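Below: the structure, in structure tokens.
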2 protein chains.
Amino acid sequence: MATKRQGTKLKKEPMCRTEIPGIIQFDLEEVGGVNGLNKRLPSKKNIEKISAIHHALSDPVRIHILYLLAIQPLCVCVIKECIGIAGSKLSYHLNIMKESGLVDSEQQGNWIIYRITEKGKKYAEETA
Amino acid sequence: MATKRQGTKLKKEPMCRTEIPGIIQFDLEEVGGVNGLNKRLPSKKNIEKISAIHHALSDPVRIHILYLLAIQPLCVCVIKECIGIAGSKLSYHLNIMKESGLVDSEQQGNWIIYRITEKGKKYAEETA
DNA sequence: CAGCTATTTCAAACTAATATGAAATGCGTA
DNA sequence: TACGCATTTCATATTAGTTTGAAATAGCTG
């Protein structure tokens with residue numbers, strides 16, 4: 001009766017674990033069980049960083065921009081012409097890419113020139 | 001008046017292009033202008049593929065799973081215990097990872113064992 | 001300064017992704 | 001066959017991301 005549901009979620013309840021397939025069981029013990037697994041993982045913060053950069057690359061418009069800037073630095077109006085989207089939309093995507101460090105920008109008079117960063121290059125080279 | 005808005009979006013309107021910064025202009029001409037740029041880009045289909053794989057990696061839960069499976073194959077119940085999320089949620093994420101080819105699965109009696117694929121390994125090694 | 005252009009910002013509308021819990025499926029065992 | 005367990009499926013709720021067009025900024029040029 002101690003194990004009856006009590007409204008709140010139980011944190012460390014004996015889950016399945018009456019038995020698990022042999023192949024897994026063996027390796028799992030070697031590695032130190034669930035705790036052993038968890039110790040070998042990147043930190044939560046790191047996991048979030050990694051997923052964040054992938055998120056920045058998860059939109060076709062942004063990949064398009066990335067490959068454009070891998071060719072040469074460009075001002076917004078040229079990117080806009082290449083891709084054929086509204087300025088405000090482009091600005092939105094450029095901002096995401098800038099925040100995640102894939103590109104940076106520099107003002108030149110009336111124009112703003114975007115260039116790919118080293119980090120951005122790394123991802124542009126990955127699949128091309 | 002021919003250039004007045006007429007409800008539908010104009011496709012090839014003379015955009016900015018009265019002038020652009022010299023540094024860009026020069027390189028841009030070298031490369032064959034906007035058309036030259038566009039020729040060097042991956043196809044639309046490829047761009048979509050690339051963004052799709054990044055999308056599959058854009059959630060912390062999935063990155064967590066990826067790194068777990070990089071250590072060893074695991075059945076769902078162990079993954080569930082490591083991460084501490086509801087089964088249905090886990091199933092949802094596993095499915096996305098499977099569809100994008102990062103992991104695959106094999107049934108063993110009552111259990112389903114997930115393993116990382118070669119493609120998955122590639123991304124797990126990338127940052128770790 | 002006034003007017004022009006390039007770019008960004010903003011709020012609202014729209015769309016896509018994720019979370020949740022209950023029910024379904026499927027295998028193994030009694 | 002009936003039951004128990006691991007996993008998935010489904011419908012719905014919730015949240016996050018994207019698009020849109022209008023307005024705001026900011027640098028030039030005259």
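Sequence lines set the chain letters: A, B, ... in the order given, protein chains first and strands last, and positions in each chain run from 1. The shown structure was predicted, so the numbers you read here are calculated from the model rather than taken from an experiment.
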On DNA chain D, does the nearest nucleotide to A/Lys89 precede the nearest nucleotide to B/Val76 from the 5' side, or the other way round? Give the residue.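 Nearer the 5' end of the strand: B/Val76.
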
Contact nearer the 5' end of DNA chain C, comparing B/Tyr92 with B/Ser88: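 Looking at DNA chain C, the more 5' nearest nucleotide goes with B/Tyr92.
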
With side chains defined as the heavy atoms from C-beta onward, is the minimum distance between [X] and [Y] less than 4.5 Å?
X	Y	result
B/Tyr123	A/Glu126	yes
A/Ile71	B/Leu41	yes
A/Leu102	A/Ile53	yes

Quickly work out the [X] [atom1] to [N] [atom2] distance and round it to whole Å.
X	N	atom1	atom2	value
B/Ile65	D/dT7	CD1	P	13 Å
A/Ile85	D/dT20	CD1	P	9 Å
A/Ile83	C/dT7	CD1	P	13 Å
A/Leu90	D/dT18	CG	C1'	14 Å
A/Ile20	C/dG28	CD1	P	17 Å
B/Glu19	C/dC4	CD	P	17 Å
A/Ile79	C/dA6	CD1	P	14 Å
B/Asn95	C/dA19	CG	P	14 Å

Which atom names give the shortest non-hydrogen contact between B/Pro73 and B/Ile113, and what distance separates them?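 Scanning both residues, the minimum pair turns out to be CB-CG2, 3.9 Å.
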
Is [X] close enough to [N] that one of its side-chain N or O atoms is under 4.0 Å from OP1 or OP2 there?
X	N	answer
A/Tyr114	C/dT8	yes
A/His55	C/dA17	no
B/His93	C/dA17	no

Determine the contact category for A/Ile96: base if any of its heavy atoms lies under 4.0 Å from a base atom, sugar-phosphate if only primed atoms, P, OP1 or OP2 are that close, otherwise nothing.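 It contacts sugar-phosphate atoms only.
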
With sugar-phosphate meaning primed atoms plus P, OP1 and OP2, does A/Asp59 contact a base, only sugar-phosphate, or nothing at under 4.0 Å between heavy atoms?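 Counting heavy atoms under 4.0 Å across all strands, the contact made by A/Asp59 is with sugar-phosphate only.
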
Only pairs at least two apart or in different chains count here, so list each ring-ring contact (aromatic ring centres under 6.0 Å, His included) that has a residue in residues 75-95 of chain A.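 Pairs touching residues 75-95 of chain A that pass the test: none.
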
What residues from residues 98-110 of chain A pass a heavy-atom cutoff of under 4.0 Å to DNA chain C?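 Within residues 98-110 of chain A, the residues near DNA chain C are A/Asn110.
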
Salt-bridge present (B/Lys121, B/Glu118; N to O < 4.0 Å):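 Looking at B/Glu118 together with B/Lys121, the answer is yes, because their closest N to O distance falls below 4.0 Å.
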
Which pairs, with at least one residue in residues 83-110 of chain A and sequence neighbours excluded, count as a salt bridge (charged side-chain N to carboxylate O under 4.0 Å, His left out)?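 The answer is A/Glu106-A/Arg115.
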
